[in-house]
Peer 1: 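Submitted below is the structure of interest, expressed as structure tokens.
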Amino acid sequence: MDNAELGAVGVIGAGAMGSGIAQVAATAGHPVFLCDAFEGAAERAQARIAADLAKRAAQGRLPAEEAAAIAARITPVAAAADLPACVVVIEAIAEDLDAKSALFEELGRTQPAATILATNTSSLSINAIAPAAAHPSRVLGLHFFNPPPAMKLVEVIRGETTVQDVLDAATALVVSWGKVAVRCASTPGFIVNRVARPFYGEAQRMVQEGVADPATIDACLRSAGFRMGPLELTDLIGQDVNLAVGTSVWNQTSRDPRYAPTPFQQGLVAAGHLGRKSSQGVYTYAADGTATDNVPDDAKVAELLASGVVTNPVARTLAMLVNEAVDLVDRGEAGSGDVDLAMTLGTGYPKGPIAWGREIGFRTVRDQLLELDAAFPGGRYRPSPALERIS
Ligand SMILES: NC(=O)c1ccc[n+]([C@@H]2O[C@H](COP(=O)([O-])OP(=O)(O)OC[C@H]3O[C@@H](n4cnc5c(N)ncnc54)[C@H](O)[C@@H]3O)[C@@H](O)[C@H]2O)c1
């Protein structure tokens, strides 16, 4: 394909996400212009991408000429104002509303009116960022997952002002890059970071309640097909990172008890027990990264899996995942197919929560939530009104 025909792609922020997104767009054939506020960062990112691609070529995973051609399509530029006219500019700078607003104001002035302006924000509202640009109708979220070259999912987020042709063009573009696009409204946490909250929260609560030790709770969830248990997964993500996402969703939903952070996780973060990166989180890690204290009590796993919903880590977690997913769909924020795709591709769940709910039976899920609500009043376990209707 003629590269010039594909149009230039601008990427601002050459950190973990920006450099990955630049690589994805360059691999699809676009000329890519990459910039970063930190002097030399875009050049270093380009060199790193070139070295990674050369390594993959040496391993026989792609032709050497292709590796060189992809890297050559990425041009570091000094500032956003130096970008040529682009079909899309994607920003992946610091997660800071003021910084993003200033950048969109600048891009609104310096890019043609037809350019799509996208943010890779994980937690900020598109509705808060878009007004800074001269054409808020052309602003949307393109939420890639880490690392962008390997992760197939992109959440395409519509703000209140985003027009349909921008959503359609951006969706077509990321699909042409080999990604799977799901659509979502600009709602706190979008799909993945929203629906996944109870996966972590219920396990943390069950540790707090003394239902079982972390290793036993993780083993229960693995037995249901999850690749990792929630507690070991938060150690991998970083307890601080996971707590920050949860707290952001909680604050943006007027502190809905469904998303309330747990004293258990807050305690870990306060103690500096951030997970694998600090050698101590829920578990303790040896120098080679293996946990030294993650042995489950198998008899207890069997006992919990046969127990009622209040002390059954799988039933309780699934009930909450299904409730969250159904609620998102019911509010018109995402389609059920998109929610299931997002959760299987974005988090690697063995099944989408809507399909899982259908399998369990929505009435059963609702009854389980009512039982949980009776055991733990306060609103966290209230069934979504949609669950009442479809069960
Ligand atoms: N890391 C993830 O897993 C992940 C996943 C999805 C989305 N995101 C989002 O992507 C964005 C970037 O995250 P990251 O993990 O790549 O961060 P990062 O810290 O690795 O990279 C950010 C880069 O942006 C540069 N930068 C900061 N302010 C700038 C500005 N005003 N102009 C130009 N460059 C600037 C920094 O120098 C840095 O190189 C954030 O909005 C984050 O929420 C992150």
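When a ligand or atom number is given, it counts from 1 through the structure's own listing order.
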Peer 1: Nearest to atom 41 (O) of ligand 1, what protein heavy atom do you find, and at what distance?
Peer 2: Glu95 OE1, 2.6 Å
Peer 1: Using a 4.0 Å cutoff against the non-hydrogen atoms of His143, which atoms of ligand 1 qualify?
Peer 2: 6 (C), 7 (C)
Peer 1: Any donor and acceptor pair, going by atom type alone, linking the side chain of Ser278 with main-chain N or O of Gly272 inside 3.5 Å?
Peer 2: yes
Peer 1: When you measure from the side chain of Asp218 to the backbone of Glu232, do you find a donor-acceptor pair of N or O atoms at a distance under 3.5 Å?
Peer 2: yes
Peer 1: If the test is side-chain contact (heavy atoms from CB on, under 4.5 Å), which one of Asp36, Leu103, Asn120 qualifies with Ile93?
Peer 2: Leu103
Peer 1: Please, which pairs that meet side chain to side chain donor-acceptor pair (under 3.5 Å) have at least one residue in residues 375-386, sequence neighbours excluded?
Peer 2: Glu202-Arg380, Glu202-Tyr381, Asp256-Arg382, Arg316-Tyr381, Asp327-Ser384
Peer 1: Evaluating non-hydrogen atoms only, which member of Asp98, Ile93, Leu142 is closest to atom 29 (C) of ligand 1?
Peer 2: Ile93
Peer 1: Centroid-to-centroid, Phe226 to Trp356, below 6.0 Å?
Peer 2: yes
Peer 1: Geometry only, no angles: is Thr121 polar-contacting ligand 1 at N/O separations under 3.5 Å?
Peer 2: no
Peer 1: Within a distance under 4.0 Å of any heavy atom of Phe38, pick out the atoms of ligand 1 and give their elements.
Peer 2: 37 (O)
Peer 1: For Pro148, is there any backbone N or O sitting under 3.5 Å from a side-chain donor or acceptor partner on Lys179?
Peer 2: yes
Peer 1: Under 4.0 Å, counting heavy atoms only: does Glu91 come that close to any atom of ligand 1?
Peer 2: no
Peer 1: Check whether any side-chain N or O of Glu155 sits under 3.5 Å from a backbone N or O of Ile191 as a donor-acceptor pair, and report yes or no.
Peer 2: yes
Peer 1: So which bit of Phe144 gets within less than 4.0 Å of ligand 1, heavy atoms only: side chain, backbone, both or neither?
Peer 2: backbone
Peer 1: Only heavy atoms count here, so choose which of Gly141, Ala102, Cys35, Gly15 is nearest to atom 21 (O) of ligand 1.
Peer 2: Gly15
Peer 1: Kindly indicate whether atom 19 (O) of ligand 1 is approached by any protein heavy atom to under 4.0 angstrom.
Peer 2: no
Peer 1: Applying the side-chain contact (heavy atoms from CB on, under 4.5 Å) criterion to Pro261, which one of Asn251, Leu243, Val269 satisfies it?
Peer 2: Leu243
Peer 1: Give a yes or no on whether Gln164 atom CD has more than 12 heavy-atom contacts from other residues, nucleotides or ligands under 6.0 Å away.
Peer 2: yes
Peer 1: For ligand 1, which atoms, with element, lie under 4.0 Å from some heavy atom of Ala16?
Peer 2: 16 (O), 20 (O)
Peer 1: Would you check if there is a donor-acceptor pair between the side chains of Gln280 and Thr284 at a distance under 3.5 Å?
Peer 2: yes
Peer 1: Starting from atom 22 (C) of ligand 1, which protein heavy atom do you reach first, and at what distance in Å?
Peer 2: Ala92 O, 3.7 Å
Peer 1: Tell me the contacting part of Ala41 for ligand 1: side chain, backbone, both, or neither, using a 4.0 Å heavy-atom threshold, strictly below.
Peer 2: neither
Peer 1: What residue and atom, counting heavy atoms only, is the protein's closest point to atom 25 (C) of ligand 1, and at what distance?
Peer 2: Asp36 OD2, 3.2 Å
Peer 1: Taking only residues two or more places apart in sequence or in another chain, which ones pass side chain to side chain contact (heavy atoms under 4.5 Å, CB included) with Arg56?
Peer 2: Gln23, Leu53, Gln59, Arg61, Leu62
Peer 1: How close does the nearest protein non-hydrogen atom get to atom 7 (C) of ligand 1, and which residue and atom is it?
Peer 2: Ser122 OG, 3.0 Å
Peer 1: Of the protein's non-hydrogen atoms, which lies at the shortest distance from atom 27 (C) of ligand 1, and what is that distance?
Peer 2: Ala94 N, 3.6 Å
Peer 1: Could you find the nearest protein heavy atom to atom 34 (N) of ligand 1 and give me its residue, atom name and distance?
Peer 2: Ala37 N, 3.0 Å
Peer 1: Can you tell me which residue and heavy atom of the protein come closest to atom 10 (O) of ligand 1, and the distance to 0.1 Å?
Peer 2: Asn120 ND2, 3.0 Å
Peer 1: What residue and heavy atom of the protein are closest to atom 13 (O) of ligand 1, and at what distance?
Peer 2: Met17 CG, 3.9 Å
Peer 1: For Gly13, take its heavy atoms, then give the atoms of ligand 1 lying under 4.0 Å from any of them.
Peer 2: 24 (O)
Peer 1: Looking only at non-hydrogen atoms, find the nearest pair between Gly29 and Leu6 and report the distance.
Peer 2: C-CD1, 3.6 Å
